[in-house]
Amino acid sequence: MQTGNIRKRSFFVLPFILVVLLSSVLPVFAQAPKKVAILPFDVLAAKDFAYLQEGVRVMLASRLAAGAGVTVVDRAAVDQALAGHGKPLAPEKISELGKKLGADYLVTGNLTAMGGVSLDAKVHTVADGAVQNFFATAAKEGEVINAVDQLAWDVAAKVFGVTPPAGRGSQAMAVPAAQAQSPYQTAHPDRGYLGMGGQSPFIRAEGITGPGGFAKSRNFNMNLQGMEMADVDGDGQLEVILADRQEVKILRREGGRLIDIGMVKSGPRFKIHGVTTADLDGNGRAEIYVSAADHIQPNSFVVEWNGKEFAPVVQDARWYLRVVSLPGEGLVLLGQRAGTGAPLRPGIYRLALKEGDFLEGESLTVPAGVNLFDFSIGDIDGDGSSELISIDQHDRLRVWNPGGRLLWKSDDHYGGTTRFIAGSPDIGVKSTIENPEDDKRIYIPSRIIIADVNNDSINEVVINKNLSTASRLFEKMKNYPSGEIHALSWNGLGLTELWRTRKIDGYISDYLFRPDADRKTAELVVGVVLGGVSMELLDEQRSTLLTYSLSLLPTVEK
């Protein structure tokens with residue numbers, strides 16, 4: 001009797017056990033591990049970091065395999081499939097490569113060494129072409145392992161839904177609240193320039209104190225021509241505007257990251273050489289003024305956020321454009337036209353927006369030979385009147401008094417730029433220039449900032465100095481492998497160095513000086529084209545933003 005009961009119970013229990021076992025085993029067969037192919041990271045560095053290139057690839061593969069449970073495609077197979085492909089890989093080529101390797105995801109990336117080491121990675125979904133961006137930094141080479149660890153856990157969490165262990169991933173590296181106010185603060189900022197006996201190592205003079213160092217943004221696939229920060233959508237927060245040669249990106253800062261929210265393009269013939277912003281119509285949203293041209297004439301435009309998109313305000317304008325700050329007037333839109341047989345026609349004019357076009361106003365009085373992009377105006381000697389500071393085509397600074405008399409000219413070279421208007425066109429565009437002597441270029445310098453950078457109630461001049469001897473000897477061979485930012489003060493006879501940054505690896509394209517409301521601290525935001533090459537013949541380049549935190553409090557003498 002008992003035996004029969006046991007048999008009956010077994011008859012019902014065994015199928016139940018089989019169902020439970022099959023339900024736990026079948027998903028394992030139904031959901032095979034995802035396959036990931038990791039391509040070699042591109043290295044952007046001033047010295048040989050080849051060993052890190054392969055090391056990062058190996059470490060990332062092992063951590064993804066262990067942490068996310070994925071299958072990593074053999075490196076030799078990836079390298080063999082890559083043979084014959086140029087760089088960078090087009091999106092359709094990435095998809096083809098992924099299918100060829102039988103991979104579900106492809107990982108590409110950059111390794112940048114500028115004081116510290118930063119890792120920019122992209123995870124490409126082969127099936128639909130979707131791309132996710134990831135970023136990590138190491139203060140020094142010895143901390144690269146931790147950065148790769150962070151990167152791997154971020155990918156595991158966001159791509160494969162794996163919960164990182166406590167203390168792993170970017171959330172474990174959140175910055176203190178005081179640092180998180182920096183708009184470009186990363187989860188683990190570069191600290192390569194810290195130290196040096198308690199003194200600020202990137203400042204080489206008295207007058208500014210503070211921790212030094214910089215925070216680095218992610219890399220952008222662009223040849224940075226200019227940048228701005230302004231509230232373009234009326235939400236009270238400053239957006240970041242970055243101009244490439246044929247498009248302008250608008251980005252919002254969220255959680256220490258820069259998120260794309262919009263993009264506008266110029267025509268294929270016209271290259272952007274400048275971008276400025278101002279709310280000149282008074283509606284609470286700054287317009288974006290884009291100065292663009294081909295080798296013959298300008299073709300500038302203005303866009304503004306309309307609640308849904310960045311819509312055109314002015315198109316196909318035959319003006320070079322620039323918003324400047326004029327003492328006693330504030331932000332003013334200025335324009336200059338192309339000349340007949342010359343890149344620029346003499347005369348800089350105030351412009352006003354009117355029904356989709358510009359209304360020409362009074363001309364601005366400037367010294368002869370000073371063009372729209374060459375100058376800034378402000379009181380640098382504290383006498384209550386404003387001087388004009390300009391930079392010429394030979395990269396020499398000049399200071400003019402209000403009457404137009406030259407007060408000083410620098411012996412040193414400053415500035416240094418690869419942007420130009422007129423001159424011979426790009427490859428693939430038919431030139432109308434027959435005589436080589438008429439192939440004249442007007443180079444567009446970076447901005448000249450006039451601001452009080454040390455709270456002494458007198459303005460200083462902040463300007464870049466891109467470093468290259470050859471670029472100043474040969475007019476059409478511009479290549480700047482490194483640069484510095486200088487602050488100059490007027491000593492009664494001329495401008496002298498107050499401080500400078502340490503050398504920055506890369507071509508300094510643009511920069512902003514933004515003091516806080518209490519004027520105790522400020523940010524120096526520097527736009528850098530990585531690799532130091534920014535020639536117009538190169539299509540694919542990478543740029544990044546460095547943010548230095550400065551203290552404006554006077555140095556206390558002991």
Query raised in the report: Going by heavy atoms in the side chains, are S266 and V290 under 4.5 Å from each other?
Result: no
Query - Main-chain N/O of H273 paired with S291 side-chain donor or acceptor, under 3.5 Å - result: no
**Report entry** Which atom of F513 lies closest to which atom of V453, heavy atoms considered
**Finding:** CZ-CG1, 3.8 Å
Query raised in the report: Hey, does the side chain of Q150 reach the backbone of A136 with a donor-acceptor pair shorter than 3.5 angstrom?
Result: no
Query raised in the report: Should P343 and N371 count as side-chain neighbours, where that means a heavy-atom distance under 4.5 Å?
Result: no
**Report entry** Donor-acceptor under 3.5 Å (Q393 side chain, I442 main chain)
**Finding:** no
Requested in this report: Could you please spell out the steps behind the side-chain contact (heavy atoms from CB on, under 4.5 Å) verdict for L326 and R350?
Outcome: CA-CA 11 Å; L326 297 181; R350 291 173 171 82; 3.9 Å; yes
Query raised in the report: So do F134 and V159 actually touch side chain to side chain, heavy atoms under 4.5 Å?
Result: yes
Requested in this report: Looking only at non-hydrogen atoms, find the nearest pair between L524 and T501 and report the distance.
Outcome: CD2-CG2, 4.1 Å
Query - Atom pair OG (S482) and CG (N466), whose distance is rounded to the nearest 0.5 Å - result: 8.0 Å
Query raised in the report: Does any N or O in the side chain of D392 come within less than 3.5 Å of the main-chain N or O of D395, such that one atom is a donor and the other an acceptor?
Result: yes
Report task. Can you establish whether the number of heavy atoms outside E329 located under 6.0 Å from its atom CD is more than 12? Result -> yes
**Report entry** Verdict with reasoning, W319 to L333, per side-chain contact (heavy atoms from CB on, under 4.5 Å)
**Finding:** CA-CA 11 Å; W319 289 93; L333 176 63; over 6 Å; no
Query raised in the report: Side chains of L321 and F358: closer than 4.5 Å at any heavy-atom pair?
Result: yes
Report task. Could you tell me whether the side chain of Y511 reaches within less than 4.5 Å of the side chain of I449, counting heavy atoms only? Result -> yes
Report task. Identify whether the distance between the nearest side-chain nitrogen and carboxylate oxygen of D260 and R218 falls below 4.0 Å. Result -> yes
Query raised in the report: So do I485 and I508 actually touch side chain to side chain, heavy atoms under 4.5 Å?
Result: yes
Requested in this report: May I ask you to decide if D518's main-chain N or O and D516's side chain share a donor-acceptor pair within less than 3.5 Å?
Outcome: no
**Report entry** Steps toward salt bridge (charged side-chain N to carboxylate O under 4.0 Å, His left out) verdict (D233, R252)
**Finding:** CA-CA 10 Å; D233 57 6; R252 177 179 293 125; 3.1 Å; yes
Query raised in the report: With respect to K122, which candidate in N133, T108, N110 satisfies the side-chain hydrogen bond (donor to acceptor under 3.5 Å, both in side chains) definition?
Result: N133
Query - Presence of salt bridge, R542 and D120, under 4.0 angstrom - result: no
Query raised in the report: Does R441 make a cation-pi contact with F420 (under 6.0 Å, within 45 degrees of the axis)?
Result: yes
Query raised in the report: Hey, is the main chain of W153 close enough, under 3.5 Å, to the side chain of D149 for a donor-acceptor pair?
Result: no
Query raised in the report: Minimum heavy-atom separation for I38 to R57, with atom names?
Result: O-NE, 2.9 Å
Query - salt bridge (charged side-chain N to carboxylate O under 4.0 Å, His left out) involving D294 - partner list, sequence neighbours excluded - result: R269
Report summary line: Tested for side-chain contact (heavy atoms from CB on, under 4.5 Å) against M227, the lone hit among L545, V526, V275, V248 is L545
Query raised in the report: Is the ring centre of Y105 less than 6.0 Å from the ring centre of F160?
Result: yes
Query raised in the report: With a 4.5 Å limit on heavy-atom distance, are the side chains of R419 and S509 in contact?
Result: yes
Report summary line: Rounded to the nearest 0.5 Å, the OG atom of S118 sits from the CG atom of N219 at a distance of 5.5 Å
Requested in this report: Starting at CD1 of I261, measure out to CD of E239 and round the result to the nearest 0.5 Å.
Outcome: 5.0 Å
Query raised in the report: What is the distance from atom OG1 of T276 to atom CD of E228, rounded to the nearest 0.5 Å?
Result: 6.5 Å
Requested in this report: Could you pull out the closest heavy-atom pair between V162 and A68, with the gap in Å?
Outcome: CG2-CA, 3.9 Å
Report task. Walk me through it: do D452 and E460 pass the test side-chain contact (heavy atoms from CB on, under 4.5 Å)? Result -> CA-CA 5 Å; D452 181 5; E460 285 77 36; 3.5 Å; yes
Query raised in the report: Any cation-pi pair here, R322 with F375, using under 6.0 Å and within 45°?
Result: yes
What donor-acceptor contacts under 3.5 angstrom involve side-chain atoms of residues 277-284, with partners at least two apart or in another chain?
| residue | atom | partner | partner atom | Å |
| --- | --- | --- | --- | --- |
| D279 | OD1 | G282 | N | 3.1 |
| D279 | OD1 | N283 | N | 3.2 |
| D279 | OD2 | G284 | N | 2.9 |
| D281 | OD1 | N283 | N | 3.3 |
| D281 | OD2 | N283 | ND2 | 3.4 |
| N283 | OD1 | R285 | N | 3.0 |
| N283 | ND2 | E304 | OE2 | 2.7 |

Query raised in the report: When rounded to the nearest 0.5 angstrom, what distance separates OH in Y320 from CD in Q297?
Result: 8.0 Å
Query raised in the report: Measuring from D316:CG to D357:CG, what's the distance to the nearest 0.5 Å?
Result: 10.5 Å
**Report entry** L388 side chain near V366 side chain, heavy-atom distance below 4.5 Å
**Finding:** yes
Requested in this report: Report the C-alpha distance between N223 and K271 in whole Å, list the side-chain angles of each, state the deciding distance to 0.1 Å, and finish with yes or no for side-chain contact (heavy atoms from CB on, under 4.5 Å).
Outcome: CA-CA 11 Å; N223 184 334; K271 303 299 184 288; over 6 Å; no
Query raised in the report: Considering all heavy atoms of both residues, which atom of S217 and which atom of L258 are nearest to each other, and what is their separation?
Result: CB-CD1, 4.1 Å
Query raised in the report: Would R447 and D510 satisfy salt bridge (charged side-chain N to carboxylate O under 4.0 Å, His left out), going step by step from the backbone distance to the final call?
Result: CA-CA 7 Å; R447 70 186 71 223; D510 205 354; 2.8 Å; yes
Query raised in the report: Which pair of non-hydrogen atoms, one from P515 and one from A522, has the smallest distance, and what is that distance?
Result: CA-CB, 3.5 Å
